[in-house]
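Below, each value reflects all heavy atoms present in this structure, side chains not excepted, and no hydrogens, waters or symmetry copies. Chain letters run A, B, ... following the sequence lines, proteins first and then strands; every chain starts at 1.
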Number of protein chains: 2
Amino acid sequence: MRSDRSGVEQTFIEEARRRQLLQATIETIAELGYGQASLARIAQRAGVSKGVIAYHFTSKDRLIELVVDHVYASSWAAVQPRLAGAGTMTEKLATFVHAEIQYYGSHRQQLLAIGSIVVNHRCADGSLHYPPGAEASVVRVLVDLLRAGQERGELTSFDPLPLAVTVDRAITGALEQWATDPEIDLQAYADELARIFEAAVRPLMTEMP
Amino acid sequence: MRSDRSGVEQTFIEEARRRQLLQATIETIAELGYGQASLARIAQRAGVSKGVIAYHFTSKDRLIELVVDHVYASSWAAVQPRLAGAGTMTEKLATFVHAEIQYYGSHRQQLLAIGSIVVNHRCADGSLHYPPGAEASVVRVLVDLLRAGQERGELTSFDPLPLAVTVDRAITGALEQWATDPEIDLQAYADELARIFEAAVRPLMTEMP
DNA sequence: GACCGGTCTGACCGCATGGTCAGAAATTAG
DNA sequence: CTAATTTCTGACCATGCGGTCAGACCGGTC
């Protein structure tokens, strides 16, 4: 079985190996960082020889990109239904903050791996493969959410981009604080973030009781 | 003249070379990223041979750390006097946001280089040399500032750490947005950040006219 | 038994890395 | 002008990298 036939007609063993190698990659990057996560070290952690990775994946770059796809898909699968369940836009905003923090709070290795990958993984031409910017999926979701809230008159008028970027950064900031110091009460931290952002979107004249 | 006698009894040429090599390092990391910034490429950009770096600096790690020291010292030298000039704590907070964004807005390479270094540079034991966390200098400054504002009753009561981290991240978020898309109006972006954070620290019952 | 496709190993390739060093070149001192 | 010192070069080293590949191994099927 050659590499990279994602999704179709996979042997049981192929499926299992791929999962194992993705997991080993996440663990290695989380622990040692993108730059130190060589194929040799990933293979060693998985208990196989380097050639196995070449057999199941077309290249190291492809491996990394599949890790990113997997993590983003998993986190979105956890966050999206909770978002749909929230009522007002303000609630959606708070829910988003809580859901993201909760997901990565219980997937520390995914958090660290993704963080190390997005700031390091590059295309052949040297440019970042996952550039920061308004196109990043989380930021896009937040901008849409804020704009919708403004159109219904539920939120004050302001440029949605800075707040969307800030919410995104605040979440990763919270998680990195916690990754550095696990003593931090993530729940309380998330509550505080929700308070900050609710104050920022609340129309000036209508205070909640 | 051997390497690393920082500050004392430097030849004119030594001083100049050190500056040049620090600058070449910043440019190389800003353009290619930490992982691709090899001694060979840095030397090539400076137009000298690799050995020169070894002659003027004890090691590549030391070079990187001197870059970080230089950038932090420069930015603080630009921000600190403006902070001292601001009156209320709310003004200080807004001033800090504007001053940081303004400094790095006119030092794009320093911004990109520092960003790439802090998430990548590691100690011999594999741990990050500049770990995120409450000890980061910017966050410390902000926590002190917020706490002082609370003690004078000027700001609402809240845990200063999440907001401090958020302000820090929001600033780097703004700058990275701008680094990705230079069309962005940094001044307006900074104004919007100031609005967000003023809303978050303002006591609930006292609206400004 | 022989055969077969899928899976895996371990050795190997070319290359880039950080670091070292003898000696050439440039600068300064006397 | 010579001698001493600082500065620099270019070749070299050991190491680790991503990637390749011939052949071993393994569970089935005739």
Would you kindly give the [atom1]-to-[atom2] distance between [X] and [N], to the nearest whole Å?
| X | N | atom1 | atom2 | value |
| --- | --- | --- | --- | --- |
| A:Gln36 | C:dT17 | CD | P | 15 Å |
| A:Leu39 | D:dC17 | CG | C1' | 9 Å |
| B:His56 | D:dT9 | NE2 | C1' | 12 Å |
| A:Ile64 | D:dG18 | CD1 | C1' | 12 Å |
| A:Gln44 | C:dT9 | CD | P | 13 Å |
| A:Arg62 | D:dG18 | CZ | P | 18 Å |
| B:Asp61 | C:dT17 | CG | C1' | 13 Å |
| A:Arg18 | C:dT7 | CZ | C1' | 14 Å |

- Query: Which heavy-atom pair separates A:Val119 from A:Leu128 by the least distance, and what is that distance?
  - Reply: O-CD2, 3.6 Å
- For the residue pair B:Ile171 and B:Val97, what are the closest heavy atoms and their distance? CD1-CA, 4.0 Å
Any side-chain N or O of [X] below 4.0 angstrom from OP1/OP2 of [N]?
| X | N | value |
| --- | --- | --- |
| A:Tyr55 | C:dC8 | no |
| A:Arg17 | C:dG6 | no |
| B:Arg41 | C:dT17 | yes |
| A:Ser38 | D:dC17 | yes |

Name the closest nucleotide to the [X] side chain, picking from [options].
| X | options | answer |
| --- | --- | --- |
| B:Lys50 | C:dG18, D:dT20, C:dC8 | C:dG18 |
| A:Lys60 | C:dC8, D:dG19, D:dT9 | D:dG19 |
| A:Val52 | D:dG19, C:dC8, D:dG10 | C:dC8 |

- Message: For a 4.5 angstrom cut-off between non-hydrogen side-chain atoms, does B:Val165 reach A:Tyr189?
- Response: yes
- Message: In terms of relative ring orientation, are B:His121 and B:His129 parallel, tilted or perpendicular, with 30° and 60° separating the classes?
- Response: tilted
- Could you tell me the separation between the CD atom of A:Gln20 and the CD atom of A:Glu15, rounded to the nearest 0.5 Å? 12.5 Å
